[in-house]
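Worksheet: one structure, shown below.
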Protein chains: 2
Amino acid sequence: MSFFQEQAVTSSDKTFFRLREEIVEGEIAAGSKLSEVELSTKYEVSRAVVREAINRLEACNIVERKANVGARVVTLTAEGLIELYQIREALEGMAARLAAQNMPEAEIEKLATLLDDQFELVKQGQSYYQEAGDLDFHYRIIVGSQNQQLITMLSNGIYHLARMYRVQLGMTGPRVTTAYDEHKHIVRAIANRDGELAEILMRRHIQYSKNNIAVKLSKM
Amino acid sequence: MSFFQEQAVTSSDKTFFRLREEIVEGEIAAGSKLSEVELSTKYEVSRAVVREAINRLEACNIVERKANVGARVVTLTAEGLIELYQIREALEGMAARLAAQNMPEAEIEKLATLLDDQFELVKQGQSYYQEAGDLDFHYRIIVGSQNQQLITMLSNGIYHLARMYRVQLGMTGPRVTTAYDEHKHIVRAIANRDGELAEILMRRHIQYSKNNIAVKLSKM
DNA sequence: AAAACACAAATTGTCGACAATATTATTATA
DNA sequence: TATAATAATATTGTCGACAATTTGTGTTTT
């Protein structure tokens, strides 16, 4: 389901991907301890590769580690969610601004038709904003920024953490129609090469989805 | 000279800090290869700890690694600098906005008096904006945001990379007086709890310093 | 002479074992 | 009984060795 397919060449890569998935998807509970020996027997690899995988997860802010004590999966809190979305707002806002400057016409075109196609599905009763569609939208704009460091930052680290929150809070359905409209406006601003507006709209869009999640979080 | 003193508990920490410093300060050249065995003999530690240090540097975007081939220090390019400052602009702009919301009065007070003290030095002919002063200013605002993830992101990763550019381009002196004024205005906006303005001013401030560096970079 | 192949050297990736530290359990003492 | 000191256990940190992969060299072939 990932667009930016990272390919695992080394055994450490595979372990990292697998462990990350199990954490993000909630198979390994938030806040739980990660024992190196336990995981190495479970995945049938040496402790060294598990260690390396955990180190990488730490760099993603998915686990926290204390020296000589060990690593724990981060706990999901309202504060953490807000912090994360503040960062997303800043970075993806900038990405939208840069995309308005740098995204090739052809890519903008494709993004627009993608939205149109999704709109057809909405009219036919299928709910838009099925995770994947939203993801695709955001990812294309991030790539459109053509800022390599920004792309790496968002798609390696922040994205997975954000998904962890959504998954574990059971965010599947809503925000159907409004999200579509918001996407549409953002694309229009990019097509008009209006970076200022694109940034403002993207930031609002992310603020809305933050509020949407925060509401659910407060009910738990 | 670092404010946020990270304390090295493990041998791997020490190696990481030391290696990072040597790279940032230019003792190890940009673009050069990092041999694990070579470094392990140089630092008198095992390859495992060097490996771990390099992995961490990779997460900071200070080195790039290719599987089964090795790690190289990143090369400094104009594009890389611009990308980095675009990210700084987004994140520190957000930090200033949040600081306007969250920074305790006492901290704002201290920041203001700090600037006043520095201004005295400027009047006495000492050049303001000696790296450290600027750094202190930015760091206090970042901390003032009270967004823990943002603080980590900036002070662990981005800051060191930015410093690497400045050091290796020989950015010591200029931007003396204007930078002081800019700082002053930002603090006033924060004191007035005007997050909107604080963000705008901080973003401009960073844009200016980017331009300042980019000029020097273009002359090389 | 250029290209393709085979071989050798060097480097990284992975492993199991040992050392150092933290946690838990036990005993001794007030 | 509660608390402090101590021993036992478990977990992480570090190391050296081996395996896998890449890179460089030399040879063969066209």
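Since this is a predicted model, take the numbers as computed values, not measurements. To find a chain, count down the sequence lines: A is the first, B the second, and so on, and within it residues start at 1.
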Output side-chain donor-acceptor pairs under 3.5 Å for residues 90-106 of chain A, partner residues at least two apart or in another chain, one line each.
| residue | atom | partner | partner atom | Å |
| --- | --- | --- | --- | --- |
| A:Glu92 | OE1 | A:His138 | ND1 | 2.7 |
| A:Glu92 | OE2 | A:Arg88 | NE | 2.9 |
| A:Glu92 | OE2 | A:Arg88 | NH2 | 2.9 |
| A:Arg97 | NE | A:Glu199 | OE1 | 2.4 |
| A:Arg97 | NH2 | A:Glu196 | OE1 | 3.4 |
| A:Arg97 | NH2 | A:Glu199 | OE1 | 2.8 |
| A:Asn102 | ND2 | A:Leu98 | O | 3.4 |
| A:Asn102 | ND2 | A:Ser145 | O | 3.1 |
| A:Glu105 | OE2 | A:Arg193 | NH2 | 3.2 |

(request) Tell me which nucleotide among C:dT12, C:dT14, D:dT14 gets nearest to the side chain of B:Val37. (result) C:dT12
(request) Using five base pairs at each end, measure the axis-to-axis angle across the helix from C:dA1-D:dT30 to C:dA30-D:dT1 and round it to 10 degrees. (result) 10°
(message) Looking at B:Asp134 and B:Arg166, is any side-chain nitrogen of the basic one under 4.0 Å from a carboxylate oxygen of the acidic one?
(response) no
(request) Starting at atom CD1 of B:Ile54, determine the distance to atom C1' of C:dG13, rounded to an integer number of angstrom. (result) 13 Å
(request) Return the value, rounded to whole Å, for the distance between atom CZ of A:Arg72 and atom C1' of C:dA22. (result) 14 Å
(request) Using whole Å, report how far CD of A:Glu38 lies from C1' of D:dT12. (result) 14 Å
(message) Would you say A:Ser11 places a side-chain N or O within less than 4.0 Å of OP1 or OP2 belonging to C:dT14?
(response) yes
(request) Answer yes or no: does a side-chain N or O of B:Lys33 lie under 4.0 Å from OP1 or OP2 of C:dT12? (result) yes
(message) How would you summarise protein contacts on nucleotides 17-23 of chain D per nucleotide, using B for base, S for sugar-phosphate only and - for none, with heavy-atom distances below 4.0 Å?
(response) B---SSS
(request) Return the set of residues passing side chain to side chain contact (heavy atoms under 4.5 Å, CB included) with B:Glu38 (not counting sequence neighbours), or none when no residue passes. (result) B:Ser35
(message) Just the rounded figure in Å: distance from P of D:dT12 to CD of A:Glu64.
(response) 16 Å
(message) Please enumerate all residues that pass side chain to side chain contact (heavy atoms under 4.5 Å, CB included) together with B:Ala189, with sequence neighbours excluded.
(response) B:Leu197, B:Ala198, B:Leu201
(request) Grab the CG-P distance between B:Asp13 and C:dT21 for me, whole Å please. (result) 13 Å
(request) State which of D:dT12, D:dT14, C:dC15 makes the closest approach to the side chain of A:Val49. (result) C:dC15
(message) Let's see if you can work this out: which of D:dC15, D:dT12, C:dT14 has an atom nearest to the side-chain heavy atoms of A:Thr10?
(response) C:dT14
(request) Measure from NZ or CZ of B:Arg20 to the centre of the six-membered ring of B:Phe16, then state whether that distance is under 6.0 Å and the direction lies within 45° of the axis. (result) yes
(message) I'd like to check the side chain to side chain contact (heavy atoms under 4.5 Å, CB included) partners of A:Lys14; sequence neighbours left out, ordered by chain and number.
(response) A:Ala8
Can you list, pair by pair, the side-chain donor-acceptor contacts under 3.5 Å of residues 67-80 of chain A, counting residues two or more places apart and other chains?
| residue | atom | partner | partner atom | Å |
| --- | --- | --- | --- | --- |
| A:Arg72 | NE | A:Gly31 | O | 3.2 |
| A:Arg72 | NH2 | A:Gly31 | O | 3.3 |
| A:Thr77 | OG1 | A:Gly80 | N | 2.9 |

(message) On the nucleotide C:dC15, are OP1 or OP2 found under 4.0 Å from the side-chain N or O atoms that A:Ser46 carries?
(response) yes
(message) Could you tell me how far apart A:Arg65 (CZ) and C:dT21 (P) are, to the nearest whole angstrom?
(response) 17 Å
(message) What is the distance, to the nearest angstrom, from the CD atom on A:Glu36 to the C1' atom on C:dA22?
(response) 14 Å
(request) State plainly whether the residues A:Arg47 and A:Glu52 are in salt-bridge range, i.e. N to O under 4.0 Å. (result) no
(request) Let me know the distance between CD of B:Glu44 and C1' of D:dC15, rounded to the nearest Å. (result) 15 Å
(request) Quick one: which residue pairs count as a salt bridge (Lys or Arg N to Asp or Glu O under 4.0 Å) with a foot in residues 140-165 of chain B, not counting sequence neighbours? (result) B:Glu25-B:Arg163, B:Glu131-B:Arg163, B:Asp136-B:Arg140
(message) Going by the rule side chain to side chain donor-acceptor pair (under 3.5 Å), which residues pair with A:Glu64 if we only count those two or more places apart in sequence or in a different chain?
(response) none
(request) Give B:Leu34 one of three labels, base, sugar-phosphate or nothing, depending on what nucleic acid heavy atoms sit under 4.0 Å from its own. (result) sugar-phosphate
(message) Let's see if you can work this out: which of C:dC15, C:dG13, D:dT11 has an atom nearest to the side-chain heavy atoms of B:Arg51?
(response) C:dG13
